[in-house]
Amino acid sequence: MSPKTLYHNLVRSNIADMAPYTPIVPFDVLSKRLGIPAEDIVKLDANENPYGPSPSVYRALANEKDYHIYPDPDSTALRQALSQYTGIDATHIIAGQGADELIDLIVRLFVTPGDTVINCPPTFGMYRFDTELNGGKVIDAERKADFSLDTESIVEIATSGKNTKILFITSPNNPDGSVLSDAHLRELLQLPLIVVLDEAYIEFSGGSRADWVLEHENLVVLRTFSKWAGLAGLRVGYGIFPHWIISHLLKIKQPYNVNVAGSAAALASLADVRQLRVNIRKIVAEREHLYSALRNFDFLEPYPSEANFILSRVVGRDAAGLKAALAKSGILIRYFNTPGLQDHVRISVGKPAQTSVLLSALEIISEQA
Ligand SMILES: *Cc1c(COP(=O)(O)O)cnc(C)c1O
């Protein structure tokens, strides 16, 4: 065996077998490539908040004195403020470096190589990513044509004796914005597994089930500052857990997972919820405007959404081509080359002026048919 093969064989086999991550082109690189100044790019591809953070976040970051000190491993102040915000006792809350970190931690806590995790695609990609990274096996319970959960299929998988540990559900779901009913969640909580309910977009919808965690020992609710509070770049999320899960997670969490800047920004956001809610209301109003406007194009069939994006089926045209045509004019939307979504695009809700730019570009594309 050549030394090279020898060394290469040292890589964990599940990682050696993984497909490489499709890199996202950084915003400034993209701007150069398109020859369009960054401020003129209409970025509607990642569900970011077009209004950005609260102005108080910039003040808090400028005034923060402790950048040279390691952060509080318990995120005590942040969890206390989150307790106020959610109405849930701080002892049920863990803060993370984005909700993404908590997804990884939950998988690491429960999944031993060979165990299975139920995923309900089309949905957010990190559940599959973290499961496979940790040696688990993903079983898909595909959503129905209207993107609602196929609860029968989930129950069948969960009770088939395959060492199923976790069920990931997103509500509102990314990429379509549909929500899970109370009745279905109640039914799924009867299953002998951990139900992780990802509420990354709940502020645009309402009806959080965070307080259900107090009544269900197998429910975890994930939340984030990335979308409603405009802090995607600072990576702060949190989870609401039963106490018994918290006691284990605290053993495996990196001590300094939430950094000083992220924590200061999240605290400043929670002190300015009233202003941030004004932005949320603008986004929700703009979502309804965008939905009606998209319906006027005969090649688009948008789905009603409770989040800050709209998924649309593309009819009689190539969805990837539509995305590419918009990108040429500096308008970025999301196309997923995955089963069930190949004829769809997802458009994040921007400011009214960004909607206007998008609609004009769609008009031009529509005439070129
Ligand atoms: C954006 C998103 C997240 C990521 O949250 P971070 O806090 O930015 O890591 C989690 N879940 C879903 C469904 C998302 O769309």
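Order of listing sets the numbers, starting from 1, for every ligand and every atom in it.
- One distance of note links CG of Leu311 with CG of Leu294; it measures 10.5 Å at 0.5 Å rounding.
- Hydrophobic clustering of Ile, Leu, Val, Met, Phe, Trp and Tyr side chains at less than 4.5 Å, counting indirect connections, unites Val155 with Leu193.
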Show me a pair-per-line table, with atom names and distances to 0.1 Å, of protein N or O atoms that are under 3.5 Å from an N or O of ligand 1.
from, atom 1, to, atom 2, distance (Å)
ligand 1, 7 (O), Ala99, N, 2.6
ligand 1, 7 (O), Thr224, OG1, 2.5
ligand 1, 7 (O), Ser226, OG, 3.4
ligand 1, 8 (O), Ser226, OG, 2.6
ligand 1, 8 (O), Arg235, NH1, 2.8
ligand 1, 8 (O), Arg235, NH2, 3.4
ligand 1, 9 (O), Ala99, N, 3.1
ligand 1, 9 (O), Asp100, N, 3.0
ligand 1, 9 (O), Asp100, OD1, 3.3
ligand 1, 9 (O), Arg235, NH2, 2.7
ligand 1, 11 (N), Asp198, OD1, 3.3
ligand 1, 11 (N), Asp198, OD2, 2.6
ligand 1, 15 (O), Asn174, ND2, 2.9
ligand 1, 15 (O), Tyr201, OH, 2.6
ligand 1, 15 (O), Lys227, NZ, 3.3

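- When the side chain to side chain donor-acceptor pair (under 3.5 Å) test is applied to Ser312, no partner is found at least two apart in sequence or on another chain.
- Under the side chain to side chain donor-acceptor pair (under 3.5 Å) criterion, Arg334 pairs with no residue, sequence neighbours left out.
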Under 3.5 Å, sequence neighbours excluded: what are the donor-acceptor pairs made by side chains of residues 55-63?
from, atom 1, to, atom 2, distance (Å)
Ser56, OG, Ser54, OG, 2.6
Ser56, OG, Ala268, O, 3.4
Asn63, ND2, Arg59, O, 3.2

Requested in this report: Please step through ring-ring contact (aromatic ring centres under 6.0 Å, His included) for the pair Tyr201 and Phe309, ending with a clear verdict.
Outcome: CA-CA 10 Å; Tyr201 299 98; Phe309 49 81; 4.9 Å; yes

